[in-house]
Amino acid sequence: MRIGYPCINMTVGCKGDRTFRLKSYSEWRVRETVKNNLDCLLRVLRFNEEHNILFFRITSDLVPFASHPVNTFNWQDYFRSEFDDIGDFIRKSRIRISMHPDQFTLINSVDKDIFERSCKELAYHAQILDLMNLDTCTKIQIHVGGVYKNKEKSMNRFVKRYFRLDSSIQCRLAVENDDRLYNVADCLKISGETGMPMLFDVFHHSVNRTDTTVNGALRLSSKTWNLKTDGIPMVDYSSQRIGGSPRQHAESIELRQFKNFLKETFPVDFDLMLEIKDKEKSAIKAVEVASRDSRFLKTIENWSGSERNDKS
DNA sequence: CTTAGTCAAGGGGTA
DNA sequence: TACCCCTTGACTAAG
């Protein structure tokens, strides 16, 4: 078990998701922004390694307008050595990476143009991971998409469209249950029809549930991950914001609940993404709690003495 | 300098 | 049809 958080670190003092307005687009601006974002990403990854945070979601905003026609700059070649270096660091530290395209990436959209744009956006995500030479255990997680007034048809459209995607994208995709439309059972069905692993989101399950328990859903989704090609399952975790609307994420991790979750899911192994607003602060607390859990300990201890700690 | 409006991209629910 | 929610700042022009 690795523990991590998404995209942003609030301690290190740099932002890895800087962007700008379309109106102020220039090649120079892309170059400067991507340089900043890649530098920052490496700093954040170093911070994470030092704190035993070995799971991290890379922001989709790494390259501004990456899949937009306005961006004709060949950032892939220009930053090749930076991507190489970051990838080397990730592999050496045994950090697990995921990405999560924004909600307008919809491969089941009834609108062909939206599907086309989504393909480009997914290609961009896969390209980032390819440039870092990361394997297929590195996942790009997406939701099923909209219902468009006919859920069954929309699920079938998702499956059909999946098979039209480039294999470099297919091999990295995981489908995640969302908080309103497609629950665990729906995603398991799609997983069965496509062969893609299902990423279980504990919080979404609590607001868009089936009659399966957390543990049941976890076990079912775990079976969809091929250990060799997909790695151990990824799981998203959050709790509800106190006093907030039912779908809002918590400000900080609720430790009592988290301990309970660890107990409840034992001994199923997975990598856990904490979708909590205060980011690395909660991740550090969770690592502290999990350091009494054998799944987490095994991960850390198995790696001592390996390359990772061989820095002298 | 501070502030408020705006920003590439969607879907769904409600009034 | 119009607006709000999800979520998230941070960019940018205006004051």
Side-chain angles (χ1 to χ4, degrees), chain A residues 5-30 32-34 36-37 40 44 57-73 75 99-125 140-155 157-158 161 175-183 186 201 203-208 236 238-252 273-282:
Chain A
Y5 62 96
C7 305
I8 294 166
N9 179 300
M10 311 208 290
T11 307
V12 295
C14 66
K15 291 269 170 241
D17 61 347
R18 276 180 49 190
T19 184
F20 49 84
R21 298 284 177 268
L22 182 56
K23 271 196 286 189
S24 50
Y25 180 91
S26 74
E27 190 173 304
W28 174 84
R29 193 107 193 227
V30 180
E32 291 304 304
T33 306
V34 175
N36 167 82
N37 289 351
C40 184
V44 171
R57 183 182 300 163
I58 293 179
T59 177
S60 299
D61 294 329
L62 204 61
V63 180
F65 306 102
S67 69
H68 191 287
V70 74
N71 190 344
T72 53
F73 175 56
W75 50 269
M99 294 187 88
H100 193 348
D102 278 313
Q103 78 277 11
F104 42 79
T105 302
L106 294 158
I107 73 171
N108 82 340
S109 176
V110 286
D111 182 335
K112 283 254 166 62
D113 292 340
I114 293 175
F115 172 62
E116 291 303 326
R117 284 196 291 274
S118 299
C119 288
K120 289 198 172 72
E121 183 69 4
L122 288 172
Y124 151 65
H125 283 76
I140 300 168
Q141 59 190 90
I142 54 169
H143 295 296
V144 181
V147 166
Y148 310 100
K149 299 191 171 74
N150 187 331
K151 196 166 174 181
E152 196 188 341
K153 270 192 181 164
S154 295
M155 286 170 74
R157 195 164 49 250
F158 180 99
R161 294 268 179 81
V175 63
E176 177 194 352
N177 56 306
D178 67 70
D179 55 0
R180 288 177 307 147
L181 309 176
Y182 293 97
N183 61 25
D186 301 324
D201 187 306
F203 182 52
H204 291 164
H205 184 62
S206 73
V207 290
N208 182 20
D236 281 359
S238 181
S239 40
Q240 195 179 329
R241 177 166 201 162
I242 300 161
S245 82
R247 286 158 56 198
Q248 277 181 318
H249 287 183
E251 192 61 45
S252 188
M273 181 61 65
L274 303 173
E275 295 189 315
I276 294 170
K277 288 209 171 223
D278 66 359
K279 306 286 175 184
E280 77 282 359
K281 281 205 186 80
S282 284

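Values reported hereafter were calculated over all heavy atoms of this structure, with side chains retained and with hydrogens, waters and symmetry mates removed. By convention in this document, chain letters (A, B, ...) are assigned in the order of the sequence lines, proteins followed by strands, and residues within each chain are numbered from 1.
- Near DNA chain B, defined here as any heavy-atom distance below 4.0 Å, the residues from residues 13-21 of chain A are Arg21(A), listed numerically.
- Scored by the ring pair (Phe, Tyr, Trp, His ring centres under 6.0 Å) test, His143(A) finds His100(A), His204(A) as partners (sequence neighbours excluded).
- For His68(A), the listed nucleotide lying nearest its side chain is dA8(B); candidates were dA8(B), dT12(C), dG10(B).
- For the pair Lys23(A) and Met10(A), nearest-nucleotide mapping onto DNA chain C gives the more 5' position to Met10(A).
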Enumerate, atom names and distances included, each donor-acceptor pair closer than 3.5 Å involving a side-chain atom of residues 13-23 of chain A, sequence neighbours excluded.
none

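- Considering only side-chain atoms of Lys277(A), the nucleotide from dG12(B), dG9(C), dA9(B) that sits closest is dG9(C).
- Taking atom P in both dC3(C) and dG5(B), the straight-line distance is 15 Å, to the nearest Å.
- Of the N and O atoms on the side chains of Asp278(A) and Ser252(A), at least one donor lies less than 3.5 Å from an acceptor on the other residue.
- Spacing between dT8(C) and dT6(B) at atom P, rounded to whole Å, works out to 22 Å.
- Considering only side-chain N and O atoms, Ser24(A) lies nowhere under 4.0 angstrom from the phosphate OP1 or OP2 of dC11(C).
- When the P atom is used for both dC4(C) and dC7(B), the distance is 16 Å, rounded to whole Å.
- Here Tyr5(A) pairs with Phe56(A) under the ring pair (Phe, Tyr, Trp, His ring centres under 6.0 Å) rule; sequence neighbours left out.
- In this structure Ser67(A) satisfies the side chain to side chain donor-acceptor pair (under 3.5 Å) test together with Glu121(A), sequence neighbours excluded.
- dG10(B) and dC11(C) have their C1' atoms separated by 22 Å, given to the nearest Å.
- Remark: Lys149(A) is not in phosphate contact with dG12(B), judged by side-chain N or O atoms under 4.0 Å from OP1 or OP2.
- Here Asp111(A) pairs with Ser109(A), Asp113(A), Ile114(A) under the side chain to side chain contact (heavy atoms under 4.5 Å, CB included) rule; sequence neighbours left out.
- When distances run from any side-chain atom of Arg29(A) to the nucleotides dG11(B), dA9(B), dT12(C), the shortest one goes to dT12(C).
- For Arg117(A), there are no side chain to side chain donor-acceptor pair (under 3.5 Å) partners, not counting sequence neighbours.
- Taking the side chain of Ser67(A) as heavy atoms from C-beta on, and the options dG12(B), dG10(B), dA8(B), the nearest nucleotide is dA8(B).
- The stretch residues 102-109 of chain A touches DNA chain B through Gln103(A), Phe104(A), Leu106(A), Ser109(A), each having a heavy atom under 4.0 angstrom from the strand.
- Listed by chain and number, the residues in a salt bridge (charged side-chain N to carboxylate O under 4.0 Å, His left out) with Asp236(A) are Arg57(A) (sequence neighbours excluded).
- Here Ile8(A) lies out of heavy-atom contact (under 4.0 Å) with every strand.
- For DNA chain B, the stems formed by at least three consecutive Watson-Crick or G-U pairs, with both atom-pair distances below 3.5 Å, span B:1-7 with C:9-15, B:10-15 with C:1-6.
- With sequence neighbours excluded, the residues satisfying side chain to side chain donor-acceptor pair (under 3.5 Å) with Tyr25(A) are Asn71(A).
- Rounded to whole Å, atom C1' of dT7(C) lies 12 Å from atom NE2 of His143(A).
- With sequence neighbours left out, Asp61(A) forms a side chain to side chain donor-acceptor pair (under 3.5 Å) with no residue at all.
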